[in-house]
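Since the structure comes first, as structure tokens, the remarks are kept for the end.
Quick note on labels: first sequence line is chain A, next is B, and so on, each numbered from 1. Note that the coordinates shown come from a computational prediction; the quantities given were computed from them, not determined experimentally.
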Number of protein chains: 2
Amino acid sequence: MVKITDVARRAGVSPSTVSYALSGKRPISDATRRRVQDAVRELGYRPHAGARTPAGRRSKVLALAVPLRSGVHVPVVTQFAVSVATAARAHDHDVLLLTQGEGEEGIRRVADAGLADAVVVMDVQLQDPRLPLLRSLPLPSVLIGVPAEPDGLTCVDLDFRAAGELCVDHLAGLGHRVVALVGSPPEVYVRRTAFARRLVQGFTSAADRHRIASTVHPCGTGRDAARAVAERLLREQPALTGVVVHNEPLLDPLIDAFERLGLRVPDDLSLTAVCPAPVAASARVPVTSVAVPSAELGTRAVHLLVRKLSGTPVPQHTLLPPRLTERASTAARAAA
Amino acid sequence: MVKITDVARRAGVSPSTVSYALSGKRPISDATRRRVQDAVRELGYRPHAGARTPAGRRSKVLALAVPLRSGVHVPVVTQFAVSVATAARAHDHDVLLLTQGEGEEGIRRVADAGLADAVVVMDVQLQDPRLPLLRSLPLPSVLIGVPAEPDGLTCVDLDFRAAGELCVDHLAGLGHRVVALVGSPPEVYVRRTAFARRLVQGFTSAADRHRIASTVHPCGTGRDAARAVAERLLREQPALTGVVVHNEPLLDPLIDAFERLGLRVPDDLSLTAVCPAPVAASARVPVTSVAVPSAELGTRAVHLLVRKLSGTPVPQHTLLPPRLTERASTAARAAA
DNA sequence: CAGCGGAGTCGAAGCGCTTCGACGGGTGAA
DNA sequence: TTCACCCGTCGAAGCGCTTCGACTCCGCTG
């Protein structure tokens, strides 16, 4: 292992000078800095993370709390995690993976042990048990998702409320008068997951604003669940012509189910979704959708965290505005 | 922050005694040990990870190199990562996420910086550029997947060769005489990904052994690719009655495509897959499959690593035997 | 009863790094 | 020419922890 004294010797300076040359915390002459940098390169020196920590108190590690609860779409979570890791690397940080079952305890442990110097928290619920901990922690954190009481916390999310509204606005603009929301699995609502609830609020209030009929149906995943919910929708709302889907893996099965019931998309039924763009684009019928920008959320979260670490004040909430992309699944309502 | 001297003061002993009481590296009287443990509990003491590292040289962190290349099924990778993280926690370790684009450099960095004290490497290719590095590293590592030259490395994987054979054996046993393998996307083979190649070998050699006709078709994902490959198969092998699928996201679309071409599963065509059990079980027609035990692989990898860290010798290769689960997608070939 | 050795504990050193205070020498102002 | 000051550098201290060597009891053995 090559250490700072090796570099110092090679560059003909003292270890502290090497440290300063690398950190830039004190002025160092160009000539010296260059010699140090050369020595670093030649020896392949890399500061030992552990040794840096006690004194300098930064581990350059971000913890990422990934709950992976049931009903949460895995690829979304993963893309998210990857974007966090990538963004973290761009800021010279690494990412420590904290999984479910550890939840609060994991965050506390990592904080106490000084393993990480900031935390990204995913899949935030309206009343999240981790919130009090996060507030009291000396570590900065950023939440993906906005809880009921976000004061004192930094949050990033897609504006799901606006996304719900946007979908309804779009359908209403096409003349649809009876709409339904097919949502995430029931357990997601029971847990009071923030984004799912917000979407429902947006959906409902926009429908009311447009004075159109609306219902909300949480729905599990899988072919059978899709069929069941489709049948139920048609039974309860025979005049239904617009559907908003907020349940990635259900998209294809649902289109199938509707077609089996004799409803073609978009001729008889217009469909919009809130989901990652690739999912919408590669569905059986490309689906008009509001994209969930997981990658951008991850990047934003890391940026915020880095700024917090450097002491820069950051906005409390960052809600990304939803953008609707029209695809083949929506059309104007056929004249009555 | 509560430190070891606080605990020592409270327990009425010296810091070194606390250290020994906690690590067990020297005999400590029961009475003292108990007092120390009480003090730890009461103060909520947790050793600072950074401070421990320089002297004791173990960071208690495992690095997980997740390449997330295109064509690799995301949920499989994720489940894998989660099982690694969970198993690591069970051994009092944390997991550092290393992503693509970092590849070799990331591993080297983490090793040099002492950020991790072992590495789990996923998605190993037959000629993997990371191998020389891993061999030369002072850190122990475990590969998920078996490269062409595995000497000096510890590897775990499903025995994909045997899995390929098992599928063919099953089909042959049901009387099928013309079979095809629908594989992973072409880029996977171009990269010479180990497991994909091995499966092909097993498939082909078993078919030869049974003296039945066989072809291999790499295939992208998505509905169109499924349709194309289905049409091609029937054109090239009109007598085809058995298909092995090694391409998770293609399963449903492929069944669809065959049915659209007038072939029902399993009446006209028997289908087996090599994929995670849940994927096979929840397909449109539950598919007879050889499970890819991602969770078990992750757990095994961590176990091996922990043993290596403790100096225990471990077997060089662990190939999990494939197990075939019969579901609704295979049946005896209809009498000619 | 002296001597030995092990159990249990302590103090001090040291891990690799950062940072604080200090120092030398050059520069510019008076 | 002198003095103040600042730039660039160095040495030493210290971060929280582990570990090494040493010391003190105390119970045995001979």
Side-chain angles (χ1 to χ4, degrees), chain A residues 1-37 39-40 43-61 92 109-117 138 309, chain B residues 1-37 39-40 43-61 92 109-117 138 309:
Chain A
M1 142 160 243
V2 31
K3 49 188 117 171
I4 201 171
T5 51
D6 301 329
V7 177
R9 197 173 321 117
R10 176 147 195 148
V13 296
S14 78
S16 50
T17 302
V18 174
S19 181
Y20 287 125
L22 295 178
S23 73
K25 296 197 179 172
R26 280 203 185 174
I28 294 289
S29 69
D30 277 2
T32 305
R33 189 196 325 286
R34 224 177 347 253
R35 260 183 304 133
V36 168
Q37 283 164 348
V40 165
L43 298 176
Y45 167 72
R46 199 165 264 146
H48 184 95
R52 164 156 38 207
T53 314
R57 63 187 357 93
R58 283 287 166 79
S59 64
K60 297 248 181 198
V61 170
D92 194 26
R109 183 172 51 80
V110 159
D112 284 356
L115 264 176
D117 34 45
L309 280 171
Chain B
M1 142 160 242
V2 31
K3 50 186 111 168
I4 201 170
T5 50
D6 300 328
V7 177
R9 198 173 319 117
R10 176 145 194 146
V13 296
S14 78
S16 50
T17 301
V18 174
S19 181
Y20 287 124
L22 294 178
S23 72
K25 297 197 178 172
R26 279 203 187 175
I28 294 289
S29 69
D30 277 2
T32 305
R33 191 201 320 287
R34 221 173 355 247
R35 259 182 305 131
V36 168
Q37 283 165 347
V40 165
L43 297 175
Y45 168 72
R46 199 166 262 147
H48 184 96
R52 163 155 39 205
T53 313
R57 61 187 356 95
R58 282 287 165 80
S59 63
K60 297 249 180 197
V61 171
D92 194 27
R109 182 172 51 80
V110 159
D112 284 357
L115 264 176
D117 34 46
L309 280 171

Problem - Presence of A:T32 side-chain N/O under 4.0 Å of D:dG8 phosphate oxygens OP1/OP2 - result: no
Problem - For A:S29, all residues meeting side-chain hydrogen bond (donor to acceptor under 3.5 Å, both in side chains), sequence neighbours excluded - result: A:T32
Exercise for the section: Verify, without hydrogens or angle tests, whether B:R35 (side chain) and B:V13 (backbone) share a donor-acceptor contact under 3.5 angstrom. Expected result: no
Problem - Qualifying residues under side-chain hydrogen bond (donor to acceptor under 3.5 Å, both in side chains), relative to B:S19, sequence neighbours excluded - result: none
Handout entry: Nearest-angstrom distance from the residue atom CG of B:D30 to P of C:dG8
Key = 8 Å
Fill in the blank from the handout: Here the distance between atom C1' of C:dC17 and atom CZ of A:R46, to the nearest Å, is 16 Å
Fill in the blank from the handout: note: B:H48, atom NE2; D:dG14, atom P; distance rounded to Å ~ 19 Å
Handout entry: N/O (side chain, A:K25) to phosphate O (OP1/OP2, C:dT18) under 4.0 Å
Key = no
Practice task
Could I get the full list of side-chain contact (heavy atoms from CB on, under 4.5 Å) partners for A:R10, not counting sequence neighbours?
Solution key: A:A39, A:E42, A:L43
Problem - All pairs passing salt bridge (charged side-chain N to carboxylate O under 4.0 Å, His left out) where residues 15-32 of chain A contributes a residue, at least two apart - result: A:D30-A:R33
Exercise for the section: To the nearest Å, give me how far apart CE (B:M1) and P (D:dG16) are. Expected result: 7 Å
Practice task
List for me each residue that meets side-chain contact (heavy atoms from CB on, under 4.5 Å) alongside B:D112, sequence neighbours excluded, and say none if there are none.
Solution key: A:R46, B:R108
Problem - Between P of D:dG16 and CZ of A:R52, the distance in whole Å - result: 18 Å
Fill in the blank from the handout: For nucleotides 21-27 of chain D, 5' to 3', base contacts (B), sugar-phosphate-only contacts (S) and non-contacts (-) with protein non-hydrogen atoms under 4.0 Å give BB-----
Practice task
Would you check if the side chain of B:R52 reaches a backbone N or O of B:K60 as a donor-acceptor pair within less than 3.5 Å?
Solution key: no
I'd like a list of close polar pairs between nucleotides 24-26 of chain C and the protein, N/O only, cut-off under 3.5 Å.
none

Exercise for the section: Using whole Å, report how far CZ of A:R58 lies from P of C:dT18. Expected result: 14 Å
Handout entry: Interatomic distance where CZ belongs to A:R34 and C1' belongs to D:dG8 [whole Å]
Key = 15 Å
Problem - Set of residues satisfying salt bridge (Lys or Arg N to Asp or Glu O under 4.0 Å) with respect to A:K3, sequence neighbours excluded - result: none
Practice task
Could you tell me whether B:P47 contacts a base, only the sugar-phosphate backbone, or nothing, with contacts defined as non-hydrogen atoms closer than 4.0 Å?
Solution key: sugar-phosphate
Exercise for the section: Please list residues of residues 3-19 of chain B whose heavy atoms come under 4.0 Å from any atom in DNA chain D, ordered by number; otherwise none. Expected result: B:K3, B:I4, B:S16, B:S19
Practice task
Flag the pair B:I4 / B:L22 as yes when at least one side-chain heavy-atom distance between them is below 4.5 Å, and no otherwise.
Solution key: no
Completion exercise
Axis-to-axis angle across the helix from C:dC1-D:dG30 to C:dA30-D:dT1, five pairs each end, nearest 10 degrees, ~ 50°
